[in-house]
Amino acid sequence: MATESFNKPPSYPEMICEAIEALNQEGGSNKSSISTYIESKYGDLGKDHSEFLTLHLDNMKQTGELIFLKNNYIKPGTDVPQKRGRGRPPKPKVPLPPGAESAEIAPPRPRGRPRKDPNAPPTSKKPKPTPATPNSTGRPRGRPRKVRPQSAQDGDDVEES
């Protein structure tokens, strides 16, 4: 049992981090170079290797363990701030000047449409004005209905000699 744990390859995130560190490329390493490094070091990992690699690269990109830039994966440095939310860092808050009270500053305005006042009287709806003459031309509006044309030859009217 002890020999099985030594022969078992590490997890995909560990292999990916090891590959990026070993390749040590300036702009990061692309997926194919990471895959070839892992295959050269650990041998054939099965037919699902590319699917697992893609899945784990996407997961590591989502969690912030890797940065995806110009089709290359890079390990974030210590100076790089982690992404929050949709990638936008929070707005920096301006500190209050000393001696300023929080009562002087108005609370933030609520978002969206204001709520209806439950104590307000109900509003009456305006009636629609009715026109004096609905159709001034006497014709209905819109496209006229289709009429089936009657054929000129009914068979009864025509006599052959």
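Just so you know, residue 1 is the first one in the sequence shown, and it goes up from there. All figures in this text were calculated on a predicted structure; none of them were measured in a lab.
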Identify, with sequence neighbours excluded, every residue that meets side chain to side chain donor-acceptor pair (under 3.5 Å) alongside Ser124. none

Could you give all pairs that pass the ring-ring contact (aromatic ring centres under 6.0 Å, His included) test and reach residues 9-36, with sequence neighbours left out? Tyr12-His49, Tyr12-Phe52, Tyr12-His56

Decide yes or no for Ile34 and Tyr73: does some side-chain heavy atom of the first lie under 4.5 Å from some side-chain heavy atom of the second? yes

Tyr42 meets the ring pair (Phe, Tyr, Trp, His ring centres under 6.0 Å) criterion, sequence neighbours left out, with none

Which value, rounded to the nearest 0.5 Å, describes the distance between Leu23 atom CG and Ser33 atom OG? 5.0 Å

What distance do Ile74 atom CD1 and Leu69 atom CG have between them, rounded to the nearest 0.5 Å? 4.5 Å

Kindly indicate, with the supporting measurements, whether the criterion side chain to side chain contact (heavy atoms under 4.5 Å, CB included) is fulfilled by Met15 and Lys41. CA-CA 10 Å; Met15 289 192 285; Lys41 181 158 184 179; over 6 Å; no

Using the test side-chain contact (heavy atoms from CB on, under 4.5 Å), find all partners of Ser50 that sit at least two apart in sequence or belong to another chain. none

Holding to side-chain contact (heavy atoms from CB on, under 4.5 Å), I want the full list of residues that pass it with Lys75, two or more places apart in sequence or in another chain. Cys17, Ile20, Glu21, Leu66

Going by the side-chain hydrogen bond (donor to acceptor under 3.5 Å, both in side chains) test, name the single residue among Asn72, Thr36, Asn71, Thr54 that passes it with Lys31. Thr54

Find the distance between CE (Met60) and CG (Asp58) and round it off to the nearest 0.5 Å. 11.0 Å

Heavy atoms of Ile38 and Ala19 approach each other most closely as CG1-CB, 4.3 Å

Crowded around Glu39 CD? As in, over 12 foreign heavy atoms under 6.0 Å? yes

State, to 0.1 Å, how close Pro76 and Gly64 come at their nearest heavy-atom pair, and which atoms those are. CG-O, 3.6 Å

For residues 110-122, which residue pairs pass the side-chain hydrogen bond (donor to acceptor under 3.5 Å, both in side chains) check, not counting sequence neighbours? none

Using atom types as modelled and distance alone, determine if a side-chain donor or acceptor of Asp48 lies under 3.5 Å from a backbone N or O of Glu51. no

